[in-house]
Amino acid sequence: MIRSRFALACLFALASCSGIQTPLAPAGEQAASQYSLFVLMLWVCGFVYVLVLGFLALAVSRVMRGAAADPVLDAPDRGLHRSLWVWAGIILIGLSVLAGGSFLVDRSLAAAQAREALEVRVTAHQWWWRIAYRDPATGGWVETANELHLPAGRTARIALGSADVIHSFWVPNVAGKMDVIPGRANAIDVTPHRLGWFRGQCAEFCGTQHAKMAFDVKVDTPAEFAAWLAAQARPAAALADTVAARGMQVVTQGQCAACHVVRGTAAAGRAGPDLTHVGTRRSIAAGLLPMNRGNLQGWIAQPQALKPGTMMPTVTLEPADADAAAHYLETLK
Ligand code: CUA
């Protein structure tokens, strides 16, 4: 029983080393240096912990054996003084190693500032993320939501702002976390080096749907990233068919347009996420559901059931219109 529990614990520890939301599998320069500090702390503190437990066990076993007086340990003053100096030395060396490691990691994080090659603005909302990129081609801003793309090997400066309460930006595989505070300009440098999908999550309690305030993170090659950004900068795709045409009418001329923007159409609301290329995203409602027509339709019909308290109101639509709207959104690639 105990052995199988131990095996299970080891399995969990190993599983956490390869996840898409873990600081134990670094995929970026900042996450890697913080991970090395974690390992250093683990070794230093683990060593002291084992030492303390060892001496505790020794003392207990001596008492239980009713051991006779130890000529060294029980000698007044000299032996006691010597062990006090040894322990003080161990503590001093341990703390110095930790302070040195912490200083080096802090300096390496600060050094990234000199290599910033991409400007990103992330604005936290209850309960989703507005994301904007400075387009190197035009100098203008390209907006999207809930999906952060980053080029591998390049340092991005992510400026963090909040539209309402305190949130926290956290993509553990790529970088540490940074609080997002209303009225305060915070920023974090990230330099991802492993391609793939990761998961970010708000890490500061910010209301009832704090747990459902996630986002997808995709690390691309620089060429893939440039192509993706150029596609995101374009206005909405042309209509695919007549159902999409009906959907466009519903979305861009109905209630949705009050809060959402679909660039290239009449929809120009600013309260909610930009939907111009919503069909390219991996998930909807800030990481809540995978992107597909059925989930889009469910989200439009029952936002308060899926995410109670969300600012997205329930919009009553005829079933055919709801399906057309979902189909239109899915085609916005
Ligand atoms: Cu936003 Cu928790």
Side-chain angles (χ1 to χ4, degrees), residues 1-112 168-179 188-191 193-194 198-205 210-211:
M1 186 64 182
I2 288 175
R3 200 186 292 173
S4 66
R5 275 193 193 159
F6 179 71
L8 205 63
C10 289
L11 211 63
F12 273 122
L14 284 175
S16 64
C17 294
S18 59
I20 56 165
Q21 188 184 334
T22 169
L24 301 181
E29 186 189 300
Q30 289 75 17
S33 59
Q34 286 164 356
Y35 176 71
S36 63
L37 186 61
F38 164 74
V39 172
L40 179 74
M41 284 186 157
L42 197 66
W43 277 108
V44 170
C45 297
F47 174 71
V48 173
Y49 181 70
V50 168
L51 218 55
V52 168
L53 282 196
F55 278 98
L56 182 68
L58 193 70
V60 169
S61 78
R62 283 190 65 211
V63 170
M64 287 178 66
R65 275 191 283 115
D70 185 305
V72 176
L73 285 178
D74 296 340
D77 297 335
R78 250 188 67 209
L80 187 64
H81 274 155
R82 198 172 47 203
S83 26
L84 275 178
W85 280 114
V86 169
W87 280 107
I90 290 174
I91 290 168
L92 199 67
I93 291 169
L95 288 178
S96 304
V97 169
L98 291 183
S102 175
F103 175 79
L104 291 176
V105 167
D106 181 69
R107 290 300 85 203
S108 86
L109 292 180
S168 184
F169 175 90
W170 189 43
V171 191
N173 294 72
V174 176
K177 67 175 75 135
M178 179 64 75
D179 275 359
I188 186 169
D189 281 315
V190 299
T191 318
H193 56 52
R194 183 150 52 84
F198 303 99
R199 188 174 186 275
Q201 165 71 46
C202 178
E204 178 84 36
F205 182 73
H210 153 71

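Since we're looking at a predicted model, the values are computed, not measured.
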Looking only at heavy atoms, what is the nearest atom pair of Ala31 and Asn173, with distance?
-> CB-O, 3.2 Å
Nearest-0.5 Å distance, OG1 of residue Thr22 to OH of residue Tyr35 = 9.0 Å
Report yes if some heavy atom in the side chain of Glu204 is under 4.5 Å from a heavy atom in the side chain of Trp170; otherwise report no.
-> no
So with a 6.0 Å cut-off around CH2 of Trp43, is the heavy-atom count from everything else above 12?
-> no
Distance col, row Leu37:CG vs Ser33:OG, nearest 0.5 angstrom, shows 8.5 Å
Within-4.5 Å side-chain heavy-atom neighbours: Ile90 and Leu51 | yes
How far apart are the closest heavy atoms of Ala175 and Asp189, and which atoms are they?
-> CB-O, 4.5 Å
How long is the span from the CG atom in Leu104 to the OG atom in Ser108, to the nearest 0.5 Å?
-> 8.0 Å
Quick one: closest heavy-atom pair of Pro26 and His193, and the distance?
-> O-CE1, 4.0 Å
Sequence neighbours left out, what pairs pass salt bridge (Lys or Arg N to Asp or Glu O under 4.0 Å) with at least one residue falling in residues 28-49?
-> Glu29-Arg115
Hey, what do you get for OG (Ser168) to NE2 (His210), rounding to the nearest 0.5 Å?
-> 9.0 Å
Stepwise side chain to side chain contact (heavy atoms under 4.5 Å, CB included) check, Thr191 with Gln30 | CA-CA 7 Å; Thr191 318; Gln30 289 75 17; 3.1 Å; yes
Qualifying residues under side chain to side chain contact (heavy atoms under 4.5 Å, CB included), relative to Val97, sequence neighbours excluded | Leu40, Val44, Ile93
